[in-house]
Amino acid sequence: MTRRIGLWRGPVSFAVFNLSHLGAVAVVVVLWMLAPGPSLVVFLTVSAIHFGRDWNADRALWPRVVDGVALLSLPSLAHQEVVAGLHDTLAPGAGSAIAGAQFWIAPVVLMGMLVGAVLAARRGRPWESVVPILATAGILFASSRAPSFDANLLQIVFTGLIQVVAPATL
C-alpha cells in the first residue's frame with residue numbers, strides 16, 4: 001500500500017513540482033542578470049521578512065519585519081564599506097547605495113526594536129522584549145569597531161531593559 005502525501009502522488013506530480021521550481025530559479029537568475037541592484041533589494045527584503053518571522057511567529061507583523069530588517073541592516077553601522085563590498089559582489093555597482101540605505105535604516109529599526117520591546121514588557125510579555133534586545137546588542141557588539149562603544153552600549157541597553165521589564169514582572 002502506498003501512502004500519498006501532498007504533492008508526492010506519482011511521477012507526473014513529481015516532475016511538475018521539480019519543473020516548476022526549476023522554472024522559478026531560471027526566472028530569478030535572468031532577472032538578477034538583467035537588474036542585479038533591484039534583485040538584491042528584493043532578495044534582502046524577502047530575507048528580512050523570513051528572518052523576522054522565524055523566531056517571532058507569535059508576534060504582530062511590524063515587530064517581525066523590524067527585527068528582520070535590523071538583523072540585515074545593523075552590521076552596516078560599523079562596517080558600511082565591508083557590507084558595500086559584499087553587496088557589490090552580488091550586484092556590481094549597486095553595493096554602495098544599498099549599504100548606504102541600510103546604514104540609514106539601521107538606527108530606525110533599532111529604535112523600532114526597542115519600542116517593540118517596551119510595548120511587549122508593558123503588555124506583560126517580557127520574554128518578547130528580551131530576544132530583540134539581546135539580538136540587537138549582539139549584532140551591535142559583533143559589528144562595532146570600538147570596544148568602549150560596545151561596553152557603553154551594552155550597559156545602556158541592559159540597564160534600560162531591566163528598568164522596563166522588572167516592574168512589569170514583579
Side-chain angles (χ1 to χ4, degrees), residues 24-25 27-29 31-147 149-165 168:
V25 168
V27 168
V28 168
V29 168
L31 287 175
W32 203 292
M33 291 173 71
L34 293 173
S39 295
L40 180 58
V41 170
V42 169
F43 173 76
L44 290 171
T45 303
V46 170
S47 297
I49 292 168
H50 171 73
F51 292 146
R53 186 180 64 203
D54 271 356
W55 49 283
N56 280 324
D58 60 336
R59 297 183 78 193
L61 178 63
W62 77 266
R64 291 185 296 183
V65 171
V66 166
D67 293 349
V69 171
L71 288 172
L72 294 176
S73 297
L74 287 174
S76 68
L77 281 175
H79 301 288
Q80 186 177 356
E81 303 83 25
V82 174
V83 173
L86 293 171
H87 290 342
D88 266 330
T89 301
L90 297 170
S96 293
I98 296 169
Q102 287 180 300
F103 177 81
W104 291 105
I105 289 170
V108 174
V109 294
L110 176 59
M111 295 312 304
M113 287 181 80
L114 295 174
V115 167
V118 169
L119 292 175
R122 295 289 182 202
R123 283 194 316 261
R125 298 174 60 108
W127 59 90
E128 287 184 2
S129 64
V130 173
V131 173
I133 297 297
L134 291 177
T136 303
I139 291 166
L140 289 173
F141 182 80
S143 66
S144 70
R145 289 181 219 173
F149 173 77
D150 294 338
N152 291 336
L153 178 69
L154 290 174
Q155 181 180 8
I156 291 167
V157 167
F158 288 116
T159 303
L161 180 62
I162 289 168
Q163 290 174 351
V164 169
V165 175

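Residue numbers start at 1 and run along the sequence shown. Here the structure is a predicted model, which is why all the values come from computation and not from measurement.
Here the closest non-hydrogen pair linking L71 and P75 is O-CD, 3.8 Å. A pairwise comparison of heavy atoms in A91 and L40 identifies CB-CD2, 3.9 Å as the closest pair. Of all heavy-atom pairs spanning A94 and D88, the tightest one is N-OD1, 3.6 Å.
Rounded to the nearest 0.5 Å, atoms CD1 (I49) and CG (D67) are 13.0 Å apart. Rounding to the nearest 0.5 angstrom, the gap separating the CD1 atom in I98 from the CG atom in L44 is 6.5 Å. One distance of note links NE2 of H79 with CG of L86; it measures 11.0 Å at 0.5 Å rounding.
In this structure a side-chain-to-backbone donor-acceptor pair under 3.5 Å is missing from S73 to A106.
For V109, the side chain to side chain contact (heavy atoms under 4.5 Å, CB included) test picks out V66, V69, A70, I105, with sequence neighbours left out.
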Do any side-chain atoms of residues 110-117 form donor-acceptor pairs under 3.5 angstrom with protein atoms, and if so which ones, sequence neighbours left out?
none

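Annotation: side chain to side chain donor-acceptor pair (under 3.5 Å) contacts involving residues 95-108, sequence neighbours excluded, comprise H87-Q102.
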